Amino acid sequence: MEVLLFGLIAEKAGARRLELEAPTLSELRARLAERIPELSALSYAIAVDRVIVKEDRALNGSEEIAVLPPFAGG
Amino acid sequence: MEVLLFGLIAEKAGARRLELEAPTLSELRARLAERIPELSALSYAIAVDRVIVKEDRALNGSEEIAVLPPFAGG
Amino acid sequence: MSEAKAHKVKDIFVEGSIDPAYIATSIAKHTTRTDIGAHEIFLGQVRADTIDGRTTKAIEYTAYRGMALEQMTMIREEAFVRWPTLTCLHVHHSLGVISAGELCFMVFASAPHRQQAREAVAWVVDRIKSELPIFGKEMNADGGHVWKENR
Amino acid sequence: MSEAKAHKVKDIFVEGSIDPAYIATSIAKHTTRTDIGAHEIFLGQVRADTIDGRTTKAIEYTAYRGMALEQMTMIREEAFVRWPTLTCLHVHHSLGVISAGELCFMVFASAPHRQQAREAVAWVVDRIKSELPIFGKEMNADGGHVWKENR
């Protein structure tokens, strides 16, 4: 599935999108940590279909996933 | 002394200034009530030298006196 | 805040309505003040209220200028004491006949952060409405009038 | 409020800074709405903060547009439920590089009376700052950068 990266996270990853496969959100978090070693030291949230999700959940691969560093609007 | 009238009070008095003599504020109120019969039915404040005064006080005739209907700014 | 700044009596009154283009110019003047992070602006607009079947078409504002400007100077000084980080505070009030839909009042505060600008504008607007000797004659479409009273 | 009005997703994003003249045009458009008595406008301006000897010369804003617009639609709907007399609510946020001193954010609410407009703007500004996925890269005069974080 395609994972969208923003701001500081995109900078650390050197990319604004990653292609990752994971059956659950917790496994996706593990894949992300492998691809972006700095991630463990950063504050971020994951949005599934444009809603921030904190608990683990199953993913079917069709979701829009985004990794969001702290917001800074305004 | 010259007494400045504003808004509704000026309208009722048919004038924006009155020439009245009174040694105290309470006597000035009595003179105003004679000259503007509608005044007793109206809500108003009196400013002496641009400050609203509620208690009685002596007047020496050099003060700037104003009769102020309810404020409506904004 | 210097004594000179504190005690300068600024004229807040403008003849006729407040032009939106004037507000834009006022906003644009702040671009050189790069310590400002937040502007809060309140604008009063004349409403065409209908009461007992009579609709306001305009308000004619008059003021006891001398007292109003002295009160405003005190309110301004107190605002800069209450919100010490306030960068600037601009106030304008219209005099004369202002038609429904036109702007008659502006309070514009700027500060490094939004909280101060927001609180200052709310407080200054409320103080002006209750303490400045400004009078409003609501002129109805039928030719009659009613004197406005702030509650 | 009609369902159509409630659920329309408006684009709040503008490329580059917000022009004061645009704000004036936006204000002027409300003169035909004679049920409005109060406008409250919040403007965010990029500050040239100096931290550890480094001064911000600009912020580059990016956003997760799809999510931001969905969040904004929900915030807008909730605002019209909380303040039912709100007449209108306009929101703009800049994307791209905005220099210190330029405007990057506008929340503009209008209502018959000031209390609703004032409360709605404060609430909407705070919600946007905490809930919209907008990211800011503070670009320093020395060529480095720091990622902005709203507290």
Side-chain angles (χ1 to χ4, degrees), chain C residues 17-50 55-59 87 98-115 117-119 121-123 125-126 128-129 150-151, chain D residues 17-50 55-59 87 98-115 117-119 121-123 125-126 128-129 150-151:
Chain C
S17 68
I18 297 170
D19 184 351
Y22 172 82
I23 300 166
T25 305
S26 189
I27 294 167
K29 279 183 185 161
H30 293 80
T31 55
T32 55
R33 290 295 307 263
T34 58
D35 54 338
I36 293 174
H39 303 288
E40 186 90 26
I41 304 172
F42 175 83
L43 300 172
Q45 181 168 306
V46 174
R47 268 197 325 276
D49 282 348
T50 299
T55 302
T56 303
K57 65 170 188 181
I59 297 180
T87 314
I98 313 303
S99 298
E102 291 186 322
L103 301 174
C104 59
F105 183 33
M106 178 185 91
V107 176
F108 177 173
S110 307
H113 298 279
R114 68 189 185 281
Q115 201 61 32
R118 174 192 287 176
E119 290 177 5
V121 165
W123 183 87
V125 167
D126 290 355
I128 288 173
K129 287 195 177 237
N150 287 344
R151 279 151 297 175
Chain D
S17 68
I18 297 170
D19 185 350
Y22 172 83
I23 300 166
T25 304
S26 189
I27 294 167
K29 280 183 184 161
H30 294 79
T31 55
T32 55
R33 290 296 306 265
T34 56
D35 53 337
I36 293 173
H39 304 288
E40 186 90 25
I41 304 172
F42 175 83
L43 300 172
Q45 181 168 308
V46 174
R47 266 197 326 274
D49 281 349
T50 299
T55 301
T56 304
K57 65 170 187 180
I59 297 180
T87 314
I98 314 302
S99 298
E102 291 187 322
L103 302 173
C104 58
F105 184 33
M106 178 186 90
V107 176
F108 178 174
S110 307
H113 298 278
R114 69 189 185 280
Q115 200 60 33
R118 172 192 292 177
E119 290 177 7
V121 166
W123 182 88
V125 167
D126 289 354
I128 288 172
K129 287 194 177 239
N150 287 345
R151 279 149 299 174

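Because the structure is predicted, anything quoted here is derived from the model rather than measured. Values below: every heavy atom of this structure, side chains too, minus hydrogens, waters and symmetry copies. Within every chain, numbering begins at 1; the chains are lettered A, B, ... in the order of the sequence lines, protein sequences first and strands thereafter.
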Select, from A117(D), A48(D), S99(D), C104(D), the one with the greatest count of heavy-atom pairs under 4.5 Å involving chain C.
-> A48(D)

Just jot down the side-chain hydrogen bond (donor to acceptor under 3.5 Å, both in side chains) partners of E102(D), sequence neighbours excluded, or say none.
-> none

Ranked by heavy-atom pairs below 4.5 Å to chain C, first place among A122(D), S110(D), A21(D) goes to A122(D)

For chain D, which residues of residues 36-45 of chain C have heavy atoms nearer than 4.5 angstrom = I36(C), G37(C), A38(C), H39(C), E40(C), I41(C), F42(C), L43(C), G44(C), Q45(C)

Mind checking which of residues 25-35 of chain D sit less than 4.5 Å from chain C, heavy atom to heavy atom?
-> I27(D), A28(D), H30(D), T31(D), R33(D), T34(D), D35(D)

Option in M106(D), Q115(D), H113(D) with maximal non-hydrogen atom pairs under 4.5 Å from chain C | H113(D)

Excluding sequence neighbours, so at least two apart, what forms salt bridge (charged side-chain N to carboxylate O under 4.0 Å, His left out) with D126(C)?
-> R114(D), R118(D)

